[in-house]
2 protein chains.
Amino acid sequence: MKKVDCKISDAEWIVMKVLWEEAPLTAAKIIEAVSSNKTWSPKTIHSLINRLVKKGALGVNKEMPHYEFYPLVDKKDCIQEETRTFIQKVYDGSIHLMLANFIKDEKISEKEIEELQRLLDEKVNE
Amino acid sequence: MKKVDCKISDAEWIVMKVLWEEAPLTAAKIIEAVSSNKTWSPKTIHSLINRLVKKGALGVNKEMPHYEFYPLVDKKDCIQEETRTFIQKVYDGSIHLMLANFIKDEKISEKEIEELQRLLDEKVNE
DNA sequence: ATTCACAGACTACACTTGTAGGATTACATT
DNA sequence: AATGTAATCCTACAAGTGTAGTCTGTGAAT
């Protein structure tokens with residue numbers, strides 16, 4: 001998997017998430033999967049797929065009766081890059097500020113809090 | 001403070017953050033503050049300010065020798081909106097997934113972990 | 001009073017993004 | 001083999017963004 005060097009737009013993320021879930025897939029399959037969340041025209045989804053190929057985020061296998069697409073960039077990398085950008089923009093790059101703000105402000109259930117505490121404990125004992 | 005109804009772009013966020021920090025400010029002051037982080041032309045910063053005024057994110061006091069600008073939208077609201085969008089895009093809207101992923105993957109110092117644990121504890125005892 | 005430099009108004013321009021449409025090709029069915 | 005339907009390829013187009021530039025007026029300095 002290549003490092004992410006490209007920006008993936010909001011709409012494109014939806015397509016990428018389908019292929020990170022399962023790949024390779026034909027355009028038809030992708031359209032089917034995306035359509036459960038979005039009411040886009042198949043044409044629109046084709047456009048997004050092609051842009052992602054052009055960007056280097058997707059690869060194509062043309063040796064098939066119908067092209068098959070698969071991710072060329074790693075999901076974890078993309079998430080981290082996206083997160084980094086977001087935290088930079090909103091929290092001046094401070095992860096800590098972000099998490100603190102988050103824990104303070106958001107509605108998190110008791111159970112989730114316990115779960116997070118467990119995760120933190122694990123982290124400590126690594 | 002109005003509710004945020006407008007999208008604030010990455011570049012615009014930098015201007016907004018200056019004015020959330022201190023307001024009202026003249027364009028010259030804003031340019032000065034922004035220039036410590038960014039090497040934008042003053043013209044560029046003027047453009048951003050004007051777009052923000054047009055979007056309704058900034059207000060202007062024209063009764064001054066030089067216009068003074070101030071935020072019309074609340075920082076907390078903007079952060080929350082931005083965060084919501086981000087989590088939707090990357091984590092399918094699951095705050096929990098996001099925090100969990102974060103705690104697992106990111107390099108967080110021991111001290112930060114303790115700090116977060118403290119925050120969670122506080123949250124429990126609310 | 002003249003000039004200079006900056007403030008403010010308006011304009012520019014290429015690139016990305018959301019959202020498709022049209023033309024062409026190729027497989028599948030009659 | 002012909003035809004229809006779906007898959008590819010290419011094109012479109014307005015709005016938003018990053019990144020400025022021009023023109024015009026006015027206050028400050030000479």
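All heavy atoms count here, side chains included; hydrogens, waters and symmetry mates do not. In what follows, every chain begins at residue 1, and chains take the letters A, B, ... in the order their sequences are listed.
Scanning atom types as modelled, no donor and acceptor separated by under 3.5 angstrom connect the side chain of A:Arg51 and the base of D:dT11.
Here D:dT19 presents its P atom at 9 Å from CD1 of B:Ile14, a figure rounded to the nearest Å. When the P atom of D:dG18 is taken as reference, atom NE2 of B:His46 falls 18 Å away, rounded to whole Å. Remark: P of D:dA20 and NZ of B:Lys38 are 11 Å apart, rounded to the nearest angstrom. We find that CG of B:Leu48 is positioned 10 Å from C1' of D:dA20, with the value rounded to whole Å. As rounded to whole Å, 13 Å separates atom C1' of D:dG18 from atom CG of B:Leu52. The interatomic distance linking A:Leu25 (CG) with D:dA7 (C1') rounds to 16 Å, in whole Å. Taking atom CD on B:Glu12 and atom C1' on D:dA20, their separation rounds to 15 Å, with Å as the unit. Rounded to whole Å, the distance from NZ on A:Lys29 to P on D:dA7 is 11 Å.
Within the 4.0 angstrom heavy-atom criterion, no nucleotide atom of any strand lies near B:Asn50.
Around NZ of A:Lys29, the count of heavy atoms belonging to other residues, nucleotides or ligands within 6.0 Å does not exceed 12.
Between A:Thr44 and B:Tyr67, the residue anchored nearer the 5' end of DNA chain C, judged by the nucleotide with its closest heavy atom, is B:Tyr67. Checking A:Pro65 against A:Lys54, the closest nucleotide of DNA chain D that is more toward the 5' end is the one next to A:Pro65. Between B:Ser47 and B:Lys43, the residue anchored nearer the 5' end of DNA chain C, judged by the nucleotide with its closest heavy atom, is B:Lys43.
Nucleotides of DNA chain C that come within less than 4.0 Å of any heavy atom of chain B span, from the 5' end to the 3' end, C:dA7 to C:dA12.
Heavy atoms only, all atoms of each residue included: B:Lys55 and B:Lys7 are closest at NZ-O, 2.7 Å. Minimum interatomic distance between A:Met16 and A:Ala57 (heavy atoms only, all atoms of both residues): CE-O, 3.6 Å.
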Without placing hydrogens or testing angles, list every side-chain donor-acceptor pair under 3.5 Å for residues 114-122 of chain A, not counting sequence neighbours.
residue  : atom : partner  : partner atom : Å
A:Glu115 : OE1  : A:Arg118 : NH2          : 3.2
A:Glu115 : OE2  : A:Arg118 : NH2          : 3.4
A:Gln117 : NE2  : B:Asp121 : OD1          : 2.8
A:Arg118 : NH1  : A:Glu122 : OE2          : 2.7
A:Asp121 : OD1  : B:Gln117 : NE2          : 2.8

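Of the options B:Leu52, B:Val18, B:Ile30, a side-chain contact (heavy atoms from CB on, under 4.5 Å) to B:Phe69 is made by B:Ile30 and by none of the others.
For B:Trp40, the ring-ring contact (aromatic ring centres under 6.0 Å, His included) test picks out no residue, with sequence neighbours left out.
Here the OG1 atom belonging to B:Thr26 is positioned 13.0 Å from the OH atom belonging to B:Tyr67, to the nearest 0.5 angstrom.
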